[in-house]
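Computation of the quantities below employed the complete heavy-atom set of this structure, encompassing side-chain atoms and omitting hydrogens, waters and symmetry-equivalent molecules. Just so you know, these numbers come straight off a predicted model, no measurement behind them. By convention in this document, chain letters (A, B, ...) are assigned in the order of the sequence lines, proteins followed by strands, and residues within each chain are numbered from 1.
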2 protein chains.
Amino acid sequence: MASKEPALRPTEAECKILDVIWNKKTATVRDVFEDLSQRQTIGHTTVLKFMQIMTDKGLLVRDTAVRPQVYRAARPKQETQQGLLRSLLDRAFRGSPGDLVLQALTMQRSSPEEIDEIRKLLDEMEAGSHK
Amino acid sequence: MASKEPALRPTEAECKILDVIWNKKTATVRDVFEDLSQRQTIGHTTVLKFMQIMTDKGLLVRDTAVRPQVYRAARPKQETQQGLLRSLLDRAFRGSPGDLVLQALTMQRSSPEEIDEIRKLLDEMEAGSHK
DNA sequence: TGATGTTGACGAAGTCCTTCGTAGATTGCC
DNA sequence: GGCAATCTACGAAGGACTTCGTCAACATCA
C-alpha cells in the first residue's frame with residue numbers, strides 16, 4: 001500500500017539506492033545490487049527489500065509488467081535533494097541557506113567551473129530580485 | 001561512559017537541543033526544556049534523557065559540580081554543521097559541494113548581504129587556488 | 001528537621017532502520 | 001514438460017532513535 005505523502009526524506013541506505021537509480025535513470029534490483037556491491041558488502045535481498053519499501057513509501061515506482069521489474073525514481077533528483085537540504089537547513093542552520101552555503105564552500109575546494117557557475121547564479125538572483 | 005569517537009552526526013532530536021545550546025552557550029536541562037517547549041510538546045525527562053545520551057556520545061560536556069548541572073556543546077557549532085553537511089554531501093550529492101550550493105541557492109532567496117558575502121568567498125577561493 | 005518542589009538516574013516501551021534467511025513464483029532452455 | 005537459475009515476497013531479528021514513567025537525590029525554607 002503506497003503512502004499518500006511523497007516521502008521527501010529518504011534514509012541513508014535509501015539514498016545510496018536512489019543515487020544509483022538517479023544515475024541509471026531506470027534499474028532492476030540486480031542493477032542496483034551490482035553497483036552497490038562494488039563499494040560495500042550488501043545482500044541481494046537486502047537491496048530488494050529496500051526497493052520494495054521505497055516503492056511503498058513513494059520514493060520509487062516500478063513496472064511490474066516486465067519481468068525483471070524495472071524501477072524508476074518517483075520524483076526528480078532535484079526535488080529529493082531539496083527536501084534533504086531543507087531538512088538539514090531546519091535542523092542545524094536555523095533555516096539560513098547563506099550560512100549553509102558558506103560552510104559548504106569553505107569545507108571543500110570546488111572546481112573553477114563550479115565557482116563560475118555559482119557566480120552566474122548569484123548574478124541571476126540579484127538581477128531577478130531587482131524588479 | 002563516554003565514547004572515544006566525537007560523534008559528528010547528531011540525530012534530529014539531538015540537533016534541536018544542540019541548537020538551543022549553541023545559542024545560549026551554556027544551559028541547564030531546564031533552560032533547554034523551556035526553550036523547546038515553546039515550539040513543541042516535550043517532556044522534561046525526555047530532554048534530560050537526550051542530554052545524558054548526548055553527553056555519553058561526546059556531543060555535550062557538563063559540569064556536575066554545580067547543582068543544576070550546566071551543559072555546553074563539546075565541539076564548536078561550525079564543526080558539527082560541517083559534519084552534517086559532509087554527511088548530506090556523501091549521501092545525496094555525490095560529494096559535489098557545487099551541486100549542493102547551487103541547489104541551496106535556488107531553493108530559497110538569500111539576502112543581498114549573503115550574496116555579497118558568498119561572492120567575496122568565491123573570489124578568495126579562486127585567488128587561493130591560483131598558485 | 002521535615003515538607004515540598006526541583007533535578008538526576010534508570011529502565012522500558014514503541015517505532016523506525018537495516019539486514020537477511022527462507023521459500024514461493026517466474027523464466028529460459030533442453 | 002521439467003530443471004536450473006533468477007527474481008520476488010514475506011517475515012523476522014537486532015540495533016538505533018524517541019519518548020516517558022518512576023523513583024531517588026538534593027535543595028530550600030518555614
- [ ] Please work out if B:T11 contacts a base, only the sugar-phosphate, or nothing of the nucleic acid, heavy-atom cut-off 4.0 Å.
- [x] sugar-phosphate
Open item on the list: Please report the distance, rounded to the nearest Å, between CG in A:D31 and P in D:dT8.
Closed with: 11 Å
- [ ] Would you mind telling me which residue lines up with the more 5' stretch of DNA chain C, B:K49 or A:E12, judged by nearest nucleotide?
- [x] B:K49
- [ ] Return the value, rounded to whole Å, for the distance between atom NE2 of B:H44 and atom C1' of D:dT22.
- [x] 15 Å
TODO: Compare the minimum distances between each of C:dT19, C:dT7, D:dC20 and the side chain of B:T46, then state the nucleotide with the smallest one.
DONE: D:dC20
- [ ] Look at A:K16 together with A:E12 and state whether they make a salt bridge at an N to O cut-off of under 4.0 Å.
- [x] no
- [ ] Output yes when at least one side-chain N/O atom of A:R62 is less than 4.0 Å from OP1 or OP2 of D:dA9, else no.
- [x] yes
TODO: Taking A:T45 for its side chain and A:L48 for its backbone only, find out whether a donor-acceptor pair lies under 3.5 Å.
DONE: no
TODO: Please report, rounded to the nearest Å, how far the C1' atom of D:dC17 is from the CD1 atom of B:I53.
DONE: 8 Å
Open item on the list: Looking at B:D35 and B:K24, is any side-chain nitrogen of the basic one under 4.0 Å from a carboxylate oxygen of the acidic one?
Closed with: yes
Open item on the list: Could you tell me how far apart B:K16 (NZ) and D:dC17 (P) are, to the nearest whole angstrom?
Closed with: 15 Å
Task: Value in whole Å for how far the P atom of D:dT18 lies from CG of B:L59 - done: 12 Å
Open item on the list: Expressed as a whole number of angstroms, how long is the span from A:L48:CG to C:dA25:P?
Closed with: 16 Å
Open item on the list: Using a heavy-atom cut-off of 4.0 Å across all strands, would you classify A:Q52 as base, sugar-phosphate, or nothing?
Closed with: base
Task: Atom of A:A74, atom of A:G58 and distance for their closest heavy-atom approach - done: CB-O, 3.2 Å
Task: Distance-minimising heavy-atom pair for A:I21 and A:A73 - done: CG2-N, 3.8 Å
- [ ] Report the distance from atom CE of A:M51 to atom C1' of C:dC20, rounded to the nearest whole Å.
- [x] 17 Å
- [ ] Respond yes when some side-chain nitrogen or oxygen of A:R30 is under 4.0 Å from OP1 or OP2 of D:dC7, and no when none is.
- [x] yes
Open item on the list: Looking at B:K57, I'd like to know whether one of its side-chain N or O atoms comes within less than 4.0 Å of OP1 or OP2 on D:dA16.
Closed with: no
Open item on the list: Just the rounded figure in Å: distance from C1' of C:dT6 to CD of B:Q69.
Closed with: 13 Å
TODO: Measure from the side-chain heavy atoms of A:A13 and tell me the nearest of C:dT26, C:dT19, C:dA9.
DONE: C:dT19
